[in-house]
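In this chain, numbering begins with 1 at the start of the sequence shown. Every value quoted in this text rests on a predicted model; they were computed, and no experiment measured them.
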Amino acid sequence: MTKGIVTFASLLSLLSLTACGGGSGSSGGTAGQTNTPDPAEVVDPGPATGQFPDSAMWSGRANYRNISSDVKNQITKVAHGPDGSVCYTYAQSAADNTWTSKLECLAPQGDLLFSKEQDGLSAFKDIAFTPLGNLITVGLQPVGPELPANPERSYVVLSKFSMQGDALTETRLVDAPDAADLIEYDVQEDGTITTIPVADLNYGNNPTLPNNALLSLKVEANAVYLLAYTYGIKVYAMNLNLSQTWDRQVMPTHFAMWRRVRPLLAKIAVSEGDDRIAVAFETKDAFIPVYEQHFGRMLQLSNLNEGDNDEDIAVTLLTTQGHYLDTLLLDKQFDESLGGVVVQNGEIWIGGDASVQKPGGGVERDFFLAEFASDGSLHNYTLIDHKQDEAAVDFQALDIGKFLFSGSTSSTNGVTAGLLLQVTNEAKKLRFTEFSAAQSAHIAAASPLGNSQILFGMVYDQTNINLTCGADGAQCNGKSVIGVAGQ
């Protein structure tokens, strides 16, 4: 695997020799230090390929290639296979603001293996490789004439492709709802819980979802796990041929799941060695009674702040056979946003960003790293202040005791830069890379290649970094690149 990945990085480096953009900084720095880089150079990556400036603490430059677009695009996912091949998804617009969802896969040498495209923003939601090097995709397929009253609803479709682009398996998600699945909870200002029947969450035995519904994949050993906003937040397990084996609801449907702006997020982590699945999801204090009423069990609380209604994070633990174990609640005196969750040696790690009141006045968003011990108690909670405001798009394990935050950081001038930040399990910064552009930049997706390289997808010169595209694409005015950071 390493050989293929290095070859891909070398190809990007070779292509960068003909780049129109690119530059070099002199910020220096070595692993283990926490020095701050020199003021960022503003570099337009140019129309083809090139290099961003030297980073402060990630050795070498970050190589990249642009994803071409007539008007604008939004890279969404990246993944690398066991042979070093690389796949990524993105949405691309035309001049009339119609959008196409695209999937492309590259060989370890950088040649295009295959590409797929479908109309709309959501045909490809997530991708993941199997141990044998096939690609699993999940996305949305618009319903047909059977639902004329719901033209914006879509079925969930999973596919498996070979690296030659052959469709090996394709299946529509099946989940026959019961009466409790087809209700939506709401909470009034006085705390009263109300339920509203909903009739458009399914057609027969198939869930039907809006295009902003969350769908996320994890492949571990011989199983595929799908996290989906169907009837609430659910986990579906299936084998590598995409035959379903079990499903489990972890949160019922409530109105905040479907918000067009800033919907509540969820992430999934799987550890076969720990026999654990962790589903972390954003919630609010007001939704805690909803959870308890629906499931008939109390949440295990951690530093609950009575009387506030800030955004918190809950984590439901399952076995890899779908048996319920526990649900934990992370509730500090901050509005917390979820970056990701990791299961490691029996412990649960959560990374994200939180709104923090600064001693000198004002509020900033800083990264946080939280650790739950194996007994469910909150062992550590540490804030990580990088610059002015940080946003965690993702949080993953790099190695035992090391983690990767990816997203963005901003300075006092408000311009955001793409950020990759490695920390220890004690929240000590080891190394980081920042990417600057004229208007803005943020890392939209990242995938560690061992401990020395990070495959990343980035959007830059985007006027609005909200990751939910509007119906006309107005919130996706960006350019995209795919690249490799590190040696």
Side-chain angles (χ1 to χ4, degrees), residues 31-34 36 56-58 265-271 274 276 278-283 300-305 310-317 328-358 363-410 418-434 442-443 446-448 451 454:
Q33 297 177 340
T34 57
T36 301
M57 295 162 66
W58 222 296
L265 300 179
K267 296 290 182 79
I268 184 172
V270 180
S271 174
D274 291 302
R276 293 290 183 273
V279 180
F281 55 96
E282 296 176 342
T283 185
Q300 180 174 331
L301 304 183
S302 174
N303 297 331
L304 179 64
N305 297 301
D310 56 6
E311 291 191 358
D312 311 316
I313 296 172
V315 184
T316 290
L317 303 178
L328 316 173
L329 183 67
L330 178 68
D331 187 359
K332 304 290 284 187
Q333 289 183 321
F334 314 115
D335 270 332
E336 286 151 335
S337 296
L338 177 65
V341 60
V342 170
V343 181
Q344 196 173 84
N345 291 339
E347 296 176 323
I348 310 299
W349 297 84
I350 306 172
D353 57 83
S355 180
V356 180
Q357 186 76 38
K358 293 299 181 178
V363 175
E364 287 183 11
R365 294 204 72 89
D366 295 334
F367 290 142
F368 73 84
L369 179 64
E371 175 192 5
F372 284 97
S374 57
D375 63 0
S377 61
L378 183 63
H379 187 60
N380 281 307
Y381 184 100
T382 308
L383 294 170
I384 304 168
D385 186 2
H386 184 67
K387 280 190 175 178
Q388 188 81 9
D389 285 293
E390 281 72 61
V393 174
D394 205 354
F395 168 79
Q396 303 175 65
L398 280 172
D399 196 359
I400 299 299
K402 296 179 182 177
F403 302 99
L404 174 72
F405 287 89
S406 54
S408 66
T409 185
S410 70
L419 176 64
L420 297 170
L421 171 67
Q422 184 188 38
V423 301
T424 69
N425 55 10
E426 296 177 343
K428 178 184 178 182
K429 289 193 282 188
L430 290 178
R431 54 185 181 173
F432 62 88
T433 299
E434 295 179 14
H442 73 274
I443 303 296
S447 181
N451 293 315
I454 307 297

*Report the C-alpha separation of Val393 and Ile443 in whole Å, then their side-chain angles, then the decisive distance to 0.1 Å, and conclude whether the side chain to side chain contact (heavy atoms under 4.5 Å, CB included) test is met.*
CA-CA 7 Å; Val393 174; Ile443 303 296; 6.0 Å; no
*Please name all residues satisfying ring-ring contact (aromatic ring centres under 6.0 Å, His included) with Phe403, sequence neighbours left out, ordered by chain then number.*
Trp349, Phe395
Are side-chain heavy atoms of [X] and [Y] found at a separation under 4.5 Å?
{"X": "Thr409", "Y": "Glu390", "result": "yes"}
{"X": "Val423", "Y": "Phe367", "result": "no"}
{"X": "Thr316", "Y": "Phe281", "result": "yes"}

If the condition is side chain to side chain donor-acceptor pair (under 3.5 Å), which residues does [X] pass it with, not counting sequence neighbours?
{"X": "Thr283", "answer": "none"}
{"X": "Gln396", "answer": "Asp394"}
{"X": "Asp389", "answer": "none"}

*Considering residues at least two apart in sequence or located in another chain, which fulfil the salt bridge (Lys or Arg N to Asp or Glu O under 4.0 Å) criterion with Glu371?*
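Salt bridge (Lys or Arg N to Asp or Glu O under 4.0 Å) list for Glu371, sorted by chain: empty.
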*Identify, with sequence neighbours excluded, every residue that meets salt bridge (Lys or Arg N to Asp or Glu O under 4.0 Å) alongside Arg276.*
none
Could you measure the distance from the [atom1] atom of [X] to the [atom2] atom of [Y]? Nearest 0.5 Å is fine.
{"X": "Asp353", "Y": "Ile384", "atom1": "CG", "atom2": "CD1", "answer": "11.0 Å"}
{"X": "Leu369", "Y": "Thr382", "atom1": "CG", "atom2": "OG1", "answer": "6.0 Å"}
{"X": "His386", "Y": "Asp366", "atom1": "NE2", "atom2": "CG", "answer": "11.0 Å"}
{"X": "Phe368", "Y": "Ser337", "atom1": "CZ", "atom2": "OG", "answer": "8.0 Å"}
{"X": "Leu328", "Y": "Asp375", "atom1": "CG", "atom2": "CG", "answer": "9.5 Å"}
{"X": "Leu404", "Y": "Leu419", "atom1": "CG", "atom2": "CG", "answer": "9.0 Å"}

For [X], check side chain to side chain contact (heavy atoms under 4.5 Å, CB included) against everything at least two apart and list the hits.
{"X": "Ser374", "answer": "none"}
{"X": "Leu265", "answer": "Arg262, Glu282"}
{"X": "Asn345", "answer": "Ile400"}

Return the minimal non-hydrogen interatomic distance between [X] and [Y], and the atom names on each side.
{"X": "Ala392", "Y": "Phe405", "value": "CB-CD2, 4.3 Å"}
{"X": "Asp385", "Y": "Lys358", "value": "OD2-NZ, 3.3 Å"}
{"X": "Glu336", "Y": "Ala354", "value": "CG-CB, 3.9 Å"}
{"X": "Ser355", "Y": "Arg365", "value": "CB-NH1, 3.3 Å"}
{"X": "Ala446", "Y": "Ser406", "value": "CB-OG, 3.9 Å"}
{"X": "Leu330", "Y": "Ala370", "value": "CD2-CB, 4.0 Å"}

*Sidechain-backbone polar pair: Lys267 side chain, Gly339 backbone, donor-acceptor under 3.5 Å*: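 Here the side-chain-to-backbone pair exists.
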*Decide side chain to side chain contact (heavy atoms under 4.5 Å, CB included) for Val315 and Leu317; before the verdict, give the C-alpha distance in whole Å, the side-chain angles of both, and the deciding distance to 0.1 Å.*
CA-CA 6 Å; Val315 184; Leu317 303 178; 3.9 Å; yes
*Any salt bridge (charged side-chain N to carboxylate O under 4.0 Å, His left out) involving residues 338-348? Give me the pairs, sequence neighbours left out, ordered by first then second residue.*
none
